[in-house]
Amino acid sequence: MSDPVPARLVVLISGSGSNLQALLDAAADPAYGATVVAVGADRDGIAGLDRAAAAGVPTFVDSVKAYPSRDDWDAALAEHVAQYEPDLVISAGFLKLVGERFLAGFGDRYVNTHNALLPAFPGIHGPRDALAYGVKLAGATLFFVDAGVDTGPIIAQVAVPVFSDDTEDTLTERIKDAERRQLVECVGRLVREGWTIKDRKVTIP
Ligand code: GRF
């Protein structure tokens with residue numbers, strides 16, 4: 001029997017793209033069941049775009065300031081993503097909140113990886129905020145994006161210890177290491193096995 005057609009992933013990034021790289025590496029194995037068909041960014045000149053290019057994956061950049069309004073940007077981003085007919089859209093360090101148009105198109109299949117154990121420490125400084133609070137466990141959360149800030153149904157979480165001599169950088173790297181493994185494992189399971197969401201509870205059969 002031939003392999004099933006791989007699921008189509010569009011990955012959105014704003015930075016170094018190490019999570020993207022982990023997905024690209026995993027997808028090189030046909031057994032993974034998914035392929036990255038495009039990478040989108042909200043800015044030029046980031047290492048993640050170079051990683052996509054090196055892997056031969058098409059890229060596009062939609063900068064908010066290139067559009068007359070935030071809604072126009074949101075509609076353009078939704079249109080560009082739609083052109084690649086994704087089965088799953090992954091925000092992997094994408095530092096923009098999408099709007100109504102995007103969520104109308106992809107809200108049922110748009111996931112984000114966040115570098116904190118939600119609902120604690122939403123927003124863009126997860127590791128810094130966790131360290132400042134003095135928690136002993138930090139981690140990463142993969143969730144389906146909804147209209148709130150880091151509030152959607154949780155797919156998976158992974159915890160890492162916080163050490164007394166941690167800096168924001170050392171904790172961030174420890175989290176990212178666990179985060180990448182979680183992302184690769186869960187995205188693979190989502191596309192191969194499907195999922196349901198009931199009363200915020202995400203189940204992968
Ligand atoms: C991740 O830790 C993500 O949770 C945070 O930004 C980081 C992105 O890293 N929002 P990279 O660009 O994938 O290396």
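Each ligand, and each atom within it, is numbered from 1 in the order the structure gives.
Atoms of ligand 1 found under 4.0 Å from any heavy atom of S16 (numbered from 1 in listed order, with element): 11 (P), 12 (O), 14 (O). Every atom of ligand 1 with a heavy atom of H114 under 4.0 Å away is listed here by number and element: 4 (O). For ligand 1, the atoms sitting less than 4.0 Å from at least one non-hydrogen atom of S18 are 11 (P), 12 (O), 13 (O), 14 (O), numbered in the order shown with element in parentheses.
Checking D72 against S69 by side-chain atom types alone, a donor-acceptor pair falls below 3.5 Å. With no hydrogens or angles considered, a side-chain donor-acceptor pair links D146 and T151 at under 3.5 Å.
A distance-only check finds a donor-acceptor pair linking the side chain of R109 to the backbone of G105 [under 3.5 Å]. Put simply, the side chain of D129 never gets that close to the backbone of F121: no donor and acceptor are under 3.5 Å apart.
A salt bridge links D166 with R174: at least one charged nitrogen is closer than 4.0 Å to a carboxylate oxygen.
Aromatic pair F144/Y110: centroids not less than 6.0 angstrom apart.
Residue contacts with ligand 1 include G17, since one of its heavy atoms falls under 4.0 Å from the ligand. Using a 4.0 Å cutoff on heavy atoms, T113 counts as a contact of ligand 1.
Backbone and side-chain nitrogen or oxygen atoms of L20 are examined, and none is located within less than 3.5 angstrom of a nitrogen or oxygen of ligand 1.
The nearest protein atom to atom 4 (O) of ligand 1, hydrogens excluded, is given as E179 OE2, 2.5 Å; this is a heavy-atom distance. Protein heavy atom at the shortest distance from atom 9 (O) of ligand 1 is K176 NZ, 3.0 Å. Annotation: atom 5 (C) of ligand 1 to nearest protein heavy atom, N115 ND2, 3.6 Å. Nearest non-hydrogen protein atom to atom 10 (N) of ligand 1 is G93 CA, 3.9 Å.
Ring geometry for F60 versus Y84: interplanar angle under 30°, hence parallel rather than tilted (30 to 60°).
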